[in-house]
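Here is the structure we will look at, set down as structure tokens.
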Number of protein chains: 2
Amino acid sequence: MKEGPDIARVAALLGDPARANMLTALMSGRALTATELAQEAGVTPQTASSHLAKLEAGQIVTPRKQGRHRYFTLSGPDIVEALEVLMGIANRVGHNRVRTGPKDPELRKARVCYDHLAGDMGVALFDGLAKRKLIASDLNGVALTPAGIDFASEFGIDLDGLRAKRRPLCRECLDWSARQSHLAGSFGAALLDRFYDLGWARRVTDSRIVRFSNAGEKSFRDLINP
Amino acid sequence: MKEGPDIARVAALLGDPARANMLTALMSGRALTATELAQEAGVTPQTASSHLAKLEAGQIVTPRKQGRHRYFTLSGPDIVEALEVLMGIANRVGHNRVRTGPKDPELRKARVCYDHLAGDMGVALFDGLAKRKLIASDLNGVALTPAGIDFASEFGIDLDGLRAKRRPLCRECLDWSARQSHLAGSFGAALLDRFYDLGWARRVTDSRIVRFSNAGEKSFRDLINP
DNA sequence: TCAATGCTTCGATTAGCATCGAACTATGAA
DNA sequence: TTCATAGTTCGATGCTAATCGAAGCATTGA
């Protein structure tokens, strides 16, 4: 009938509430089992199975069999990007769920959102970088300032390497718990990696929690509030 | 129920074939009337009206009243980006419509796809830049090489200005007629703008056709095949 | 005023699909 | 082998939403 790639097929796959919930859960970057995804989506395992079959057929998720579990992950960075963009639009047009966010105080404080820092410290990072004028945000989104570009190389981040990827460098991502923006995109992810490398923080296994050491948190505070 | 922005609402709006066709048509950047969009989508005006009401309520499109017509445009650059990303995914997973592309030979040769160059010359531009190693594409997508960055400034393109926008610099976009990649993203758009400024080409009014002058086409050939 | 065009609202029909209960397969543990 | 857990398939149900015909506004032009 019409020309071009079939957007509708892909978008329809993301457009069901149950499936969207599953995919959102997978944005944590962790591989989740079918049952876990069923719980995340609030549906029965049968229903989840049917949804997962569709997502798999559409190459939105990739399954990996391990013992009697099937672990699912998002099938590529383009899926992450699509979800991030859609989140941004949903945020802009005010389609937000009423929800307070995670209960666990450690989760509220610092956790990973796919591959970047979220939670109170994620928001603090965004605000801190903005206050130091290393990033600037306007109607069109957020971007590194010239000062921010200098900062990145001083801080040990290879911007040219990041630019080689398809993902945009900077993106705002609405924080589920704090309801404010934190920094996503490949630069946001690189910052968190750098925190790991510097020993400031580490990821708690089997959880989205990011735990800063005392010294690491101090350095972090100095970074955002010099 | 769940946390976060409501992806599903937005994605569902893009996930209907009729609506997706309308939105794809609007990627040309031109404002289209309700009846035109109905034709593009292959539905009756009544059905189109109902779809447009939903898209308007979801702030995906913006109407502008003029006389007895209602002109619709995409409501922001984030919508364009979402459509581009979804096209990329649909392309990757092989969800393409079977269709040869536009019939008009001039359309096949050079036209705008939203705001960048498409058609045979769009594909030639992509290939030429790749052959000159000004852009490099891999699994993750396409990006400017260091040589490409130098080229851009020599050619009069303000990369820092482009980076300040939310849109990614480079993106592959599957060409509807040639079935090969051409260059989208803010850099792709800037290149086309530069062609206009240099007098190489101009846009035919009320059409997506881009018409190169003889001298312009020669310069274009020299550019991509030095 | 009348007619034509652009677009929307109403109502009825239809089709697709999300959902779940129940039964089935597969892996692992006792 | 037997039991338990993880996951899928099947079938039935019910809801939502896309679709279009017909009628209703609104704007423009004669």
Side-chain angles (χ1 to χ4, degrees), chain A residues 1-2 6-26 30-73 95 97 206, chain B residues 1-2 6-26 30-73 95 97 206:
Chain A
M1 309 291 158
K2 288 289 300 174
D6 197 347
I7 298 181
R9 287 255 280 284
V10 180
L13 281 175
L14 315 183
D16 174 81
R19 286 194 291 264
N21 284 336
M22 293 178 174
L23 296 171
T24 306
L26 289 174
R30 297 197 305 137
L32 299 175
T33 68
T35 333
E36 285 171 328
L37 288 169
Q39 286 172 343
E40 286 284 345
V43 294
T44 59
Q46 306 95 295
T47 308
S49 179
S50 135
H51 285 307
L52 287 168
K54 279 170 196 171
L55 290 173
E56 190 185 337
Q59 297 184 55
I60 307 296
V61 299
T62 309
R64 218 175 3 140
K65 204 166 173 129
Q66 207 167 89
R68 55 179 162 182
H69 293 280
R70 281 185 82 203
Y71 286 92
F72 291 88
T73 47
H95 281 174
R97 305 279 183 79
D206 277 337
Chain B
M1 305 290 162
K2 288 291 300 173
D6 198 347
I7 297 179
R9 287 254 281 284
V10 180
L13 281 175
L14 314 183
D16 174 82
R19 286 194 293 264
N21 284 337
M22 294 179 175
L23 295 172
T24 305
L26 288 173
R30 297 197 304 138
L32 299 174
T33 68
T35 329
E36 285 170 328
L37 288 169
Q39 286 172 342
E40 286 283 346
V43 294
T44 58
Q46 306 94 295
T47 308
S49 179
S50 130
H51 284 305
L52 288 168
K54 279 169 197 170
L55 290 173
E56 189 186 338
Q59 297 183 54
I60 307 295
V61 300
T62 309
R64 217 173 6 138
K65 206 170 173 126
Q66 205 167 93
R68 53 180 163 182
H69 294 279
R70 281 185 82 202
Y71 286 92
F72 291 88
T73 48
H95 281 173
R97 304 280 182 77
D206 277 336

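Every chain is numbered from 1, with letters handed out A, B, ... down the list of sequences.
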To the nearest 0.5 Å, tell me how far [X] [atom1] sits from [Y] [atom2].
X        : Y        : atom1 : atom2 : value
Leu32(A) : Glu40(A) : CG    : CD    : 6.5 Å
Asp16(A) : Lys54(A) : CG    : NZ    : 8.0 Å
Arg9(B)  : Ile60(B) : CZ    : CD1   : 11.0 Å

Could you run down nucleotides 9-22 of chain D 5' to 3' and tag each one B, S or - for protein heavy-atom contact under 4.0 Å?
B--------SSBBB

d([atom1], [X]; [atom2], [N]) in whole Å:
X        : N       : atom1 : atom2 : value
Phe72(A) : dT8(D)  : CZ    : C1'   : 11 Å
His69(B) : dA26(D) : NE2   : P     : 18 Å
Arg68(A) : dT27(C) : CZ    : C1'   : 6 Å
Leu55(A) : dC17(C) : CG    : C1'   : 14 Å
Leu14(A) : dA18(C) : CG    : P     : 13 Å
Leu13(A) : dG16(C) : CG    : C1'   : 14 Å

OP1 or OP2 of dT8(C) less than 4.0 angstrom from a side-chain nitrogen or oxygen of Arg70(B), does that happen here?
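Yes, Arg70(B) has a side-chain N/O under 4.0 Å of OP1/OP2 on dT8(C).
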
Look only at the side chain of Arg19(A) and the backbone of Ala12(A), and say whether a donor-acceptor pair between them is shorter than 3.5 Å.
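At least one qualifying donor-acceptor pair exists.
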
Work out which heavy atom in His69(B) is nearest to a heavy atom in Thr33(B); give both atom names and the distance.
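Result for this residue pair: ND1-CG2, 3.8 Å.
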
What pair of heavy atoms forms the shortest contact from Pro63(B) to Phe72(B), and how long is it?
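In terms of heavy atoms, the two residues are closest at CB-CE2, 3.7 Å.
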
Using heavy-atom distances to pick each residue's nearest nucleotide on DNA chain D, tell me which of Lys65(B) and Leu52(A) is more 5'.
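On the 5' side of the pair lies Leu52(A).
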
